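Report on one structure; see the data block that follows.
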Amino acid sequence: MSDSLTRQTCIPCSGKVPPASEAEVAELKPQIPDWDIISVEGIPQLQRVYHFSDFQTALGFTNKVGDLAEGEQHHPALLTEWGKVTVTWWTHALNGLHRNDFIMAAKTDKAAQGLTSDVMAPSHQAD
């Protein structure tokens, strides 16, 4: 995780600024090595799955990420399940990636410190 990214703040982003260039992505991506760049309907996005020991911890992490997002006015897609949370960052106004997404990915990693499980949580079935 990059401390330099976690110290940065997101800038307001409208559709008038360009998305991250290939060179910028090549510079920023190594700073968040556990994140994948995926494409959803042709839109590049950063995604990571975090694993937790139970649902309550996963939900607490989801709320922590939500608080970070509100503070920066930059919001992810969050999928909370038993034992895991999938976080996806991209800049909706650009239909792509911006430096803000890399900043928030690094801040998300920092928020997960001490909460995540090193092993995947077992499947949970409702009784």
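This is a predicted model, so every value here is computed, not measured.
- Residues that satisfy the side-chain hydrogen bond (donor to acceptor under 3.5 Å, both in side chains) test with Glu27, not counting sequence neighbours, are absent from this structure.
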Go through it in stages, so that I can follow the logic: the residues are His74 and Thr91, the test is side chain to side chain contact (heavy atoms under 4.5 Å, CB included), and I'd like the CA-CA distance, side-chain angles, deciding distance and then a yes or no.
CA-CA 8 Å; His74 190 55; Thr91 300; 3.5 Å; yes
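- Using a distance-only test at 3.5 Å, with no hydrogens or angles considered, a donor-acceptor pair links the side chain of Asp101 to the main chain of His98.
- Although no hydrogens or angles enter the test, the distance criterion places a donor-acceptor pair under 3.5 Å between the side chain of Lys29 and the main chain of Trp35.
- When the side-chain hydrogen bond (donor to acceptor under 3.5 Å, both in side chains) test is applied to His92, no partner is found at least two apart in sequence or on another chain.
- Using a 4.5 Å heavy-atom threshold, the side chains of Trp89 and Val65 count as touching.
- In this structure Glu22 satisfies the side-chain hydrogen bond (donor to acceptor under 3.5 Å, both in side chains) test with no other residue, sequence neighbours excluded.
- Under the 4.5 Å side-chain criterion, counting only non-hydrogen atoms from C-beta, Val85 is not in contact with His51.
- Side-chain atoms of Asp54 come within 3.5 Å of backbone N or O of Gln56 as a donor-acceptor pair.
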Side chain to side chain contact (heavy atoms under 4.5 Å, CB included) evaluation trace for Thr80 with Phe61
CA-CA 9 Å; Thr80 304; Phe61 173 71; over 6 Å; no
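- Side-chain atoms of Lys64 come within 3.5 Å of backbone atoms of Ala111 as a donor-acceptor pair (strictly under, hydrogens ignored).
- At a threshold of 4.5 Å between non-hydrogen side-chain atoms, the residues Asp36 and Leu46 do not count as touching.
- When side chains are defined from C-beta on, Trp90 does not count as touching Val40, because their heavy atoms never get closer than 4.5 Å.
- A side-chain donor from one of Thr88 and Gln47 sits under 3.5 Å from a side-chain acceptor of the other.
- Looking at heavy atoms from C-beta onward, Val17 lies in side-chain contact with Leu94 at the 4.5 angstrom threshold.
- Checked against salt bridge (Lys or Arg N to Asp or Glu O under 4.0 Å), Asp67 has no partners two or more places apart in sequence or in another chain.
- Linking ILVMFWY residues whenever their side-chain heavy atoms come closer than 4.5 Å, directly or via other members, places Ile37 and Ile32 in the same cluster.
- Separation of atoms CG (Leu28) and OG (Ser21) is listed at 8.5 Å; rounding is to 0.5 Å.
- The two atoms that bring Gln31 and Leu5 nearest to each other are OE1-CG, 3.5 Å, heavy atoms only.
- Considering only residues two or more places apart in sequence or on other chains, Glu70 meets the side chain to side chain contact (heavy atoms under 4.5 Å, CB included) condition with Gln73, His75.
- Partners of Arg99 according to the side-chain hydrogen bond (donor to acceptor under 3.5 Å, both in side chains) rule, which considers only residues two or more places apart in sequence or in another chain, are Gln8, Glu24.
- The line from CZ of Arg48 to OG1 of Thr108 is 9.5 Å long, rounded to the nearest 0.5 Å.
- For the side-chain hydrogen bond (donor to acceptor under 3.5 Å, both in side chains) with Tyr50, the qualifying choice from Thr57, Asp109, Thr62, Asp34 is Asp109, the only one to do so.
- Minimum heavy-atom separation, Val87 to Pro76: CG1-CB, 4.1 Å.
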